[in-house]
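Here's the structure we're looking at; comments come further down.
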Amino acid sequence: MSKKLYIETYGCQMNVGDSEVIFSILGKEGYERTERIEEADVILANTCSVRDNAEQRIWGRIEVFHKQKATRPEVVVGIVGCMAERLKDKLIETGKVDIVAGPDSYRSLPQLLADVTPDSPQINVLLSHEETYADIVPLRTDRNGVSAVISIMRGCNNVCSYCVVPYTRGAERSRDPKTIIDEAADVFSKGYKEVTLLGQNVDSYLWKGPDGEQVTFPQLLESVARISPDLRVRFATNHPKDISDELISVMARYENICEHIHLPVQSGSDRLLEKMRRRYTSAWYLERVARIREAMPGCGITTDVIAGFCSETEEDHQDTLRLFREVGFDYAYMFYYSERPGTLAARHYPDDVPLEVKTRRLNEIIALQNELSLESNRRDIGKKFKVLVEGPSKKNSEELCGRTGSNKMCVFPDTVHRSGDYVTVEVLSCTSATLICRLAE
Ligand code: SAH
Ligand code: SF4
Ligand code: F3S
């Protein structure tokens, strides 16, 4: 009988891709994927360290996993990913974790599993300058068979002062473009209609071949877009300091490159941007947004923001609100600052904005963004969009849902089409989260 592997995935899309790599690596060893924890021989959590609450959740999950051992002492519990990399043997010291594996050590999982015993937990948290898992064909875990994620690079060479990612993921490295294009072509041949190219900062993707040839992100994107006009291409995340005119022009040129850019701003205050070491100003950010909109008036622009970073004043906060209004983001991921041990900010700047002030400012940003999302959606009423059907809508089985190129969720009555079809819809009304549509003539 084959062994069963259960993985819970937390954090960003990179972790989703990594869990698919782990399923593939252990699949070769005879492990079969299960979604039921109670039948798993191996339980893994692929973890995130970006904010303290992400880690707190995992501590809770470790207790839950441990309970499985009460009836089945042979179950192996592993913590992998960013929290494994950050906390290393601290996780083993709980006595509840058998395996700890960092993001660059997944090829060693078969060995770690072979060596693990209740008395000898196994750990590998070596970071690598080369590992990109380029040759591993991930086992897809998406639910709809329509959208696949493809990691194009790993690590990060920026040192944003608040951020733990460079410490948990190591130095930036780009994956061989040929393997990326082959993987995209392969998923398309298997019926997928959308790929999302992933990296912490895709604009700095740079492949240097053995003969000195180089491939940049805009060039890679163009090659993936050329696989087929029926394959939609998305990517994330861009860094405002690096997003280039060349990228914008490639996006504008190919109909199947979705017009959506996720461009995390973090703050609207130049003083704080400097302190965060983001290496751009609010004026630079606004100029990039203007350039994007000039080339692609319908381009979706979304962002990340941190409220209450070290020393943030009311005035800094107002600068953020003003920038939000000025850009009119379509959507935003909003957080309050969470100090991460070992980062530049933790070492140099006191975490001095009281929690209630952080929360109040965050709530003000959320309230404003809700209005902006609603306004953005209202501007689409009466317009027509090509939508890729993802499946039945959550609320009504007579309705389908799918996204516009700009990444807005549409729902529409339709009992004819199915997942993976392209349809044209007309927007009738909206909420701040959804466009309510009908099939267009
Ligand atoms: N590489 C991406 C971000 C990855 S982390 C980028 O540079 O944009 C995702 C988001 O988490 C960040 O954009 C930031 O808004 C948020 N974040 C990162 N560290 C944080 C911290 N210490 N506290 C609160 N939010 C944080
Ligand atoms: Fe973190 Fe900055 Fe790198 Fe993004 S670019 S992962 S925020 S260090
Ligand atoms: Fe979290 Fe690691 Fe991603 S810290 S955001 S899972 S790179």
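Ligands are counted one by one from 1 in listed order, and the atoms in each one are counted from 1 as well.
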Practice problem: Is it possible for you to check whether Lys275 lies under 6.0 Å from the centre of the six-membered ring of Tyr349, through NZ or CZ, and within 45° of that ring's axis? | Solution: yes
So, are [X] and [Y] salt-bridged, with charged N and O less than 4.0 Å apart?
X      : Y      : result
Glu55  : Lys90  : no
Glu38  : Arg36  : yes
Arg234 : Glu194 : yes
Arg360 : Glu364 : yes
Glu130 : Arg173 : no
Arg154 : Asp18  : yes
Arg175 : Glu183 : yes

Quiz item: Which pair of non-hydrogen atoms, one from Ala185 and one from Ile227, has the smallest distance, and what is that distance?
Solution: N-CD1, 3.6 Å
Self-check item: Mutual orientation of the aromatic rings belonging to Tyr280 and Tyr285 [parallel < 30°, tilted 30-60°, perpendicular > 60°]
Solution: tilted
Practice problem: Return the orientation label for the Tyr333 and Phe335 ring planes: parallel under 30°, perpendicular over 60°, tilted otherwise. | Solution: parallel
Self-check item: Protein residues having a heavy atom less than 4.0 Å from any atom of ligand 1
Solution: Val50, Arg51, Tyr162, Gln200, Thr237, Pro264, Gln266, Arg278, Asp304, Ile306, Phe335, Tyr336, Tyr337, Ser338, Arg340
Practice problem: Identify which protein N/O/S atoms are less than 2.8 Å from atom 2 (Fe) of ligand 2. | Solution: Cys160 SG
Quiz item: With Pro110, which residues qualify under side chain to side chain contact (heavy atoms under 4.5 Å, CB included), at least two apart?
Solution: Ile25, Leu26, Glu29
Quiz item: How many protein N, O or S atoms sit closer than 2.8 Å to atom 3 (Fe) of ligand 3?
Solution: 1
Practice problem: Provide, to 0.1 Å, the distance between atom 7 (S) of ligand 2 and the closest protein heavy atom, together with that atom's residue and name. | Solution: Tyr162 OH, 3.3 Å
Quiz prompt | Closest protein heavy atom to atom 4 (S) of ligand 3, given as residue, atom name and distance to 0.1 Å | solution = Ser49 N, 3.3 Å
Quiz item: Will you find, in the side chains of Gln266 and Tyr162, an N or O donor that is under 3.5 Å from an N or O acceptor?
Solution: yes
Self-check item: Asp316/Thr313 under side-chain hydrogen bond (donor to acceptor under 3.5 Å, both in side chains): CA gap, chis, key distance, verdict
Solution: CA-CA 5 Å; Asp316 295 317; Thr313 62; 3.0 Å; yes
